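A short worksheet on the structure shown next.
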There are 2 protein chains.
Amino acid sequence: MNIGEAARESGVNAKMIRYYERTGLVPVAQRSENGYRVYSEPDVHTLRFIKRARDLGFSVAQIEQLVQLWQDQDRSSAEVKRVALEHIRELQQKITELEAMKRTLEHLAEHCHGDHRPECPIIDDLAGSL
Amino acid sequence: MNIGEAARESGVNAKMIRYYERTGLVPVAQRSENGYRVYSEPDVHTLRFIKRARDLGFSVAQIEQLVQLWQDQDRSSAEVKRVALEHIRELQQKITELEAMKRTLEHLAEHCHGDHRPECPIIDDLAGSL
DNA sequence: CCTTGACCTTCCTACAACGGGAAGGTTTAT
DNA sequence: ATAAACCTTCCCGTTGTAGGAAGGTCAAGG
């Protein structure tokens, strides 16, 4: 299987597969005589794993741990859970930040007439004229 | 006022002030004889405006618009509100994405024993073994 | 007068996780 | 023969920020 097909099968595009190889997230691929990268079903399975983890917002560093745990038959589920809970905390932290921003802006926007006149509480807030 | 003091006064550090100048978000600063950048109170005011907008999550591109609107006495508050509402939409979009990730992970983590055994629904999900 | 420390300058590098594109080699099909 | 659909490497851009090197400037203190 060439990189294009592996990309289609896994949902990770060719550019990213090469990137993951370069950065060590996936092992260096075999090459066929013409120099093309060759992928097997298990390789594609790993790429799908990575894709799913990226979709859940894990960083590449976290995914490295998760892939290792996945391959490790002697893993403890506690280790996996620890990585997941850490990520959940990060997500919650980000959500909290974004919600605070949103609340502030909504409050300001509510009091903005949004008409042809220049008076605007949003600008006033940014300008510190309160 | 040198860049260090402007940084302290505005909350934007010197490195970022130079960056904002380079990218055109703030005008090129005056220079004193020794080549140092010189800032006035209004300059610092602009930097504070930018800082506040960054803290609210606006992109530099959006801030460029907001600064222009701020300087423009003939602005309509509708224009400001439009920028703000667009940003609110972006924030909400991001929040929704993050919450979906978080919900999925929480669900998976709930069903993970988190003990010494390898069985783990989190890994199973990532591996697509469902 | 000289040194020290606290400034300032520019320039280069890195980060994370991609995407675009150039320049070129290979294979397959028509 | 030539087109198209692949593949390769290499380089650059993104966004906003941070670190550091190498060097110039300035004020205080010995």
Side-chain angles (χ1 to χ4, degrees), chain A residues 1-26 28-40 43-44 47 49-67 86-87 90-91 93-94 97-98 101, chain B residues 1-26 28-40 43-44 47 49-67 86-87 90-91 93-94 97-98 101:
Chain A
M1 204 184 315
N2 286 340
I3 199 169
E5 200 180 342
R8 276 188 299 274
E9 294 291 305
S10 65
V12 180
N13 76 40
K15 211 100 191 189
M16 288 315 295
I17 296 177
R18 295 194 196 96
Y19 171 74
Y20 290 149
E21 177 181 316
R22 212 168 51 241
T23 58
L25 178 57
V26 298
V28 172
Q30 303 268 119
R31 299 287 182 132
S32 63
E33 288 147 26
N34 57 21
Y36 289 9
R37 287 176 181 79
V38 177
Y39 296 90
S40 63
D43 294 332
V44 171
L47 289 170
F49 182 100
I50 290 168
K51 176 69 164 64
R52 175 78 179 132
R54 283 296 303 147
D55 287 348
L56 287 174
F58 285 101
S59 70
V60 168
Q62 288 169 325
I63 296 174
E64 229 170 304
Q65 301 181 57
L66 292 172
V67 171
E86 192 204 331
H87 183 41
E90 292 162 355
L91 288 169
Q93 157 114 46
K94 195 70 191 167
E97 279 176 28
L98 297 181
M101 292 174 185
Chain B
M1 202 183 315
N2 286 341
I3 199 170
E5 199 180 341
R8 277 188 298 275
E9 293 291 306
S10 65
V12 179
N13 76 38
K15 212 97 190 192
M16 289 313 296
I17 296 177
R18 294 195 196 96
Y19 170 74
Y20 291 149
E21 178 181 317
R22 211 166 52 238
T23 58
L25 178 57
V26 298
V28 172
Q30 303 269 119
R31 301 285 182 134
S32 63
E33 288 148 27
N34 54 23
Y36 290 8
R37 286 175 182 79
V38 177
Y39 296 90
S40 63
D43 295 331
V44 170
L47 289 170
F49 182 99
I50 290 169
K51 177 69 164 64
R52 175 79 181 133
R54 283 295 303 148
D55 287 348
L56 287 173
F58 284 102
S59 70
V60 168
Q62 287 170 325
I63 296 174
E64 228 170 304
Q65 299 180 58
L66 292 172
V67 170
E86 193 203 331
H87 182 41
E90 292 161 356
L91 288 168
Q93 157 114 47
K94 195 71 193 164
E97 280 175 28
L98 298 181
M101 294 174 185

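Side chains are part of it too, since the values below use all heavy atoms of this structure and drop only hydrogens, waters and symmetry mates. Order of the sequence lines fixes the chain letters, A, B, ..., with proteins taken first and strands second; residue numbering starts at 1 for each chain. Predicted, not measured: the structure shown is a model, and the values here were computed from it.
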B/Arg54: which residues meet the salt bridge (charged side-chain N to carboxylate O under 4.0 Å, His left out) condition with it, sequence neighbours left out? none
Output yes when a side-chain donor or acceptor of A/Asn2 lies under 3.5 Å from a complementary backbone atom of A/Glu5, and no otherwise. no
Rounded distance [0.5 Å steps], OG in B/Ser10 versus CD1 in B/Ile17: 4.5 Å
With each end axis built from five pairs of C1' atoms, what bend angle do you get for the helix from C/dC1-D/dG30 to C/dT30-D/dA1? Round to 10°. 40°
For a 4.5 angstrom cut-off between non-hydrogen side-chain atoms, does B/Tyr19 reach B/Met16? yes
Rounded to the nearest 0.5 Å, what separation is found between the OH atom of B/Tyr20 and the CG atom of B/Leu47? 9.0 Å
Residue pair A/Tyr36 / A/Ile3, side-chain heavy-atom distance below 4.5 Å: no
CD (A/Glu9) and CG (A/Asp43) are apart, to the nearest 0.5 Å, by 12.5 Å
May I ask you to test the B/Arg31-B/Arg37 pair for a side-chain heavy-atom distance under 4.5 Å? yes
Along DNA chain D, 5' to 3', what are the outermost nucleotides having an atom less than 4.0 Å from a heavy atom of chain A? D/dC6 to D/dT9
Given atom CG of A/Leu25 and atom P of C/dA16, what is their separation to the nearest angstrom? 12 Å
A/Lys94 has an atom NZ; how far is it from atom P of C/dA16, in whole Å? 16 Å
Return whichever of A/Asn34 or B/Gly4 has its heavy-atom-nearest nucleotide of DNA chain C closer to the 5' end. B/Gly4
ring-ring contact (aromatic ring centres under 6.0 Å, His included) involving A/Phe58 - partner list, sequence neighbours excluded: A/His87
What do you reckon, is CD of A/Glu97 surrounded by more than 12 foreign heavy atoms closer than 6.0 Å? yes
Correct closest heavy-atom pair for B/Ala14 and B/Ala7 would be N-CB, 3.7 Å
Among residues 56-65 of chain A, which contact DNA chain C at a heavy-atom distance under 4.0 Å? A/Ser59, A/Val60
Using a distance-only test with no angle check, is there a side-chain donor-acceptor pair under 3.5 angstrom linking B/Glu86 and B/Gln65? no
Taking DNA chain D as the partner, which of residues 13-22 of chain A come within under 4.0 angstrom of it by heavy atom? A/Arg18
So, taking the atom named CG in B/Leu91 and the one named CG in A/Leu98, what distance separates them when rounded to the nearest 0.5 Å? 6.0 Å
